[in-house]
Amino acid sequence: MDEVVLGEQELFDGLQAGHLSVMLCPAGHGFLPPHRRCPRCGAPADMLTDIAPQGQVLTHTTIAVPTTDYAGQTPTVAIIEVGPVRITARWDRDAPPDVGEEAHLTVDEGPPMRLRAAPTR
Amino acid sequence: MQEPPHGDSASGAGVHILGVGSTAFGPQAVGSFRSLLAEAVETALTDAGIQAAAVDEVHHANFTGALTDAQNHQAPLVADLVGGDVPAIRHENACASGGFAMWSAVRAIRSGAAEIVLVTGVEHLSPLSTGEVTTALAMAADELYEVRNGLTFPGAYALMARSYISAFDPPEPRKALSSIAVKNHAHASVNPLAHFQSTVDLQTAMEAPMVADPLNLYDSCPISDGAAAVVLAATSALPAGAAEAADVRIRGVGAASDHLALQTRSCIHATVATARAAGRAFTDAALTPEDVDIAEVHDCFTIAEVLALEALGFYEPGGALGAADRGETAAGGRLPTNLSGGLKAKGHPVGATGVSQIAELTKLLRGDHPAAADIETPAVGVAHNAGGTVATAVVHLLEVADHG
């Protein structure tokens, strides 16, 4: 079998094209680049799949004391469950999401490439 | 052949805590990181009653020296403090750097490679602004997937806190979290080395401004300077007369890792690395959580104390949030936790924290800690030190053999 390799740039390129590229190990664990082996079980990736970049908000926070990159802002950050993976992104709205809210992922032009999420509706 | 006592190596090298030292922790400690280190080392050597030349190895912990003092490669500076050419190494595992320096030192003694080891930790955050400290501490999280998207270190714990509260739907979570702050401030108020020397009332803690919702200012540890040092010795190297004093021994150690980014974990609020490290430490020591009398756990945020108490095996998942409110983890409770004040109120000079936990626990077990008068004489204590959002965790089980 050919080795399945996915770099982080391909992840960002995929999101700009409207899909999320995810690797799967034989046990079905999904994971994101640049891993080559499953971070849960250590098995090599044996499948690459493109899925719709949308899912549900698992948790979120609005940050009043930011890093220097975000000086003067109060970014909201959320973890979104998208199929077999979860992904962390800046919430692209002033109002924070609800846990369970449907969201879709996009990516900023870099560098650095930054992940964003917004309500699906 | 007789089995060695638990916590000892096959070669029979038990690990004893010969001496401890710590500077006062605070918002702007007097002096440079070098002078903080020198003070902690001198105090520990004096407490140990040994000559500096007796030290065989140095294990040093620091997280942000490159940013705060333009100084990496700090280990030889610590070797200088004992006048030696001994091997010295700096350990960096974010907030768990100190605990992993301890863990490595214990293994050096157990292996037979060293008999007397100096463990140090220091952090000197006061040269940085709050924004710069926030940026520096965020380097403990995942840059690619978390930090560049706006996440901070308090923000990461806030994600865990909201996940925990969503999963367990506890009554009055705000009050339960703030009760932890109130307890740890009360503990710190009798510790002259603590960053905060004052108590806080529940209403003030509950109504503090948000840092990263749902965590507010009083849910968060302060930005502290400070240093700590511990001298460890193999049984074979105990000085004459050491048996007369209270003998605090490291009975078990355990360490583990988890995925760096929260998003990679199967449960965002379960601190699996703590559970695995604790399992290894309790097995190493042939003890169970029921044997533990006092705990120093990694409470960088109030929610972190909750997650630690559950993962260490003292509470079921979802059960520890109300422990402080019920009085169970206060000085008079069934498991006094963070009698030093914890990271929350004693302070969190990152690299020093894991070493300081051992120093505080040693004094509590020896009976010469200011809080020792407030508790029944303990026999076994646990120290729990975590890196980042508990992507690294290390657990030490200490016991006192003799109160002299």
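Since the model is a prediction, treat every value here as computed from it, not as a measurement. Reminder, nothing fancy here: chain letters follow the sequence lines and each chain counts from 1.
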Engineer: Under a 3.5 Å distance rule, please check whether A:R90 uses its side chain to pair with a backbone N or O of B:N149 as donor and acceptor.
Structural biologist: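 Between the backbone of B:N149 and the side chain of A:R90 there is no qualifying donor-acceptor contact (under 3.5 Å).
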Engineer: Let me know if B:L215 has heavy atoms under 4.5 Å from chain A in its side chain, its backbone, both or neither.
Structural biologist: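 For B:L215, there is no contact with chain A at all, as no heavy atom is under 4.5 Å.
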Engineer: Which of the residues A:L58, A:D108, A:V65, A:I80 is involved in the greatest number of heavy-atom pairs with chain B at under 4.5 angstrom?
Structural biologist: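 Highest number of heavy-atom pairs under 4.5 Å: A:V65.
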Engineer: Within a radius of less than 6.0 Å around CD of B:Q203, do more than 12 heavy atoms belonging to other residues, nucleotides or ligands occur?
Structural biologist: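 Open: at most 12 neighbouring heavy atoms sit under 6.0 Å from CD of B:Q203.
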Engineer: Of the backbone (N, CA, C, O) and the side chain (C-beta and beyond), which part of B:S266 lies under 4.5 Å from a heavy atom of chain A, both, or neither?
Structural biologist: both
Engineer: Could you check which of A:L32, A:I79, A:T88 has the highest count of heavy-atom pairs closer than 4.5 Å to chain B?
Structural biologist: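 Counting heavy-atom pairs under 4.5 Å, the top option is A:T88.
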Engineer: Nearest 0.5 Å, please: how far is CG in B:L159 from OG1 in A:T61?
Structural biologist: 6.0 Å
Engineer: Under the criterion side chain to side chain contact (heavy atoms under 4.5 Å, CB included), I'd like the reasoning laid out for B:Q263 against A:V85: C-alpha separation, chi angles, the key distance, then a yes or no.
Structural biologist: CA-CA 8 Å; B:Q263 65 182 32; A:V85 298; over 6 Å; no
Engineer: side-chain hydrogen bond (donor to acceptor under 3.5 Å, both in side chains) for B:T135 and A:T68? Distances and angles first, verdict last.
Structural biologist: CA-CA 6 Å; B:T135 302; A:T68 47; 3.0 Å; yes
Engineer: Report yes or no: does A:Y70 contribute a side-chain atom to a donor-acceptor pair with the main-chain N or O of B:G150 at less than 3.5 Å?
Structural biologist: yes
Engineer: Can you see which heavy atom on A:P33 is nearest to which on B:L144, and at what distance?
Structural biologist: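 Reported closest heavy-atom pair: O-CD2, 4.3 Å.
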Engineer: Where the side chain of B:R162 meets the backbone of A:T59, is there a donor-acceptor pair that is under 3.5 Å apart?
Structural biologist: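 A pair under 3.5 Å: no.
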Engineer: Which atoms of A:P39 are under 4.5 Å from chain B, going by heavy atoms: the side chain, the backbone, both sets, or neither?
Structural biologist: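 Both backbone and side chain.
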Engineer: Taking the side chain from A:R86 and the backbone from B:T264, do they hold a donor-acceptor pair closer than 3.5 Å?
Structural biologist: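 The answer is no, because no donor-acceptor pair under 3.5 Å joins these two groups.
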Engineer: Working to the nearest 0.5 angstrom, can you tell me the gap between B:R148 CZ and A:T67 OG1?
Structural biologist: 12.5 Å
Engineer: Nearest 0.5 Å, what's the CD-OH distance between A:E8 and B:Y145?
Structural biologist: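 Interatomic distance, A:E8 CD to B:Y145 OH, rounded to 0.5 Å: 6.5 Å.
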Engineer: Just wondering, are more than 12 heavy atoms of other shown residues or ligands nearer than 6.0 Å to OH in B:Y218?
Structural biologist: no
Engineer: Shorter than 4.5 Å, heavy atoms on both sides: which option in A:R116, A:M113, A:Q73 has the most such pairs with chain B?
Structural biologist: A:M113
Engineer: Are there over 12 heavy-atom neighbours, none belonging to A:D94, within less than 6.0 Å of that residue's CG?
Structural biologist: no
Engineer: With a 4.5 angstrom heavy-atom cut-off, which part of B:S166 approaches chain A: side chain, backbone, both or neither?
Structural biologist: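 For B:S166, the contact with chain A is made by the side chain alone.
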Engineer: Is the CZ atom of A:R114 crowded by more than 12 outside heavy atoms at less than 6.0 Å?
Structural biologist: yes
Engineer: Please rank A:T74, A:D69, A:I87, A:V99 by heavy-atom pairs under 4.5 Å with chain B and give me the top one.
Structural biologist: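 Greatest number of close heavy-atom pairs with chain B: A:I87.
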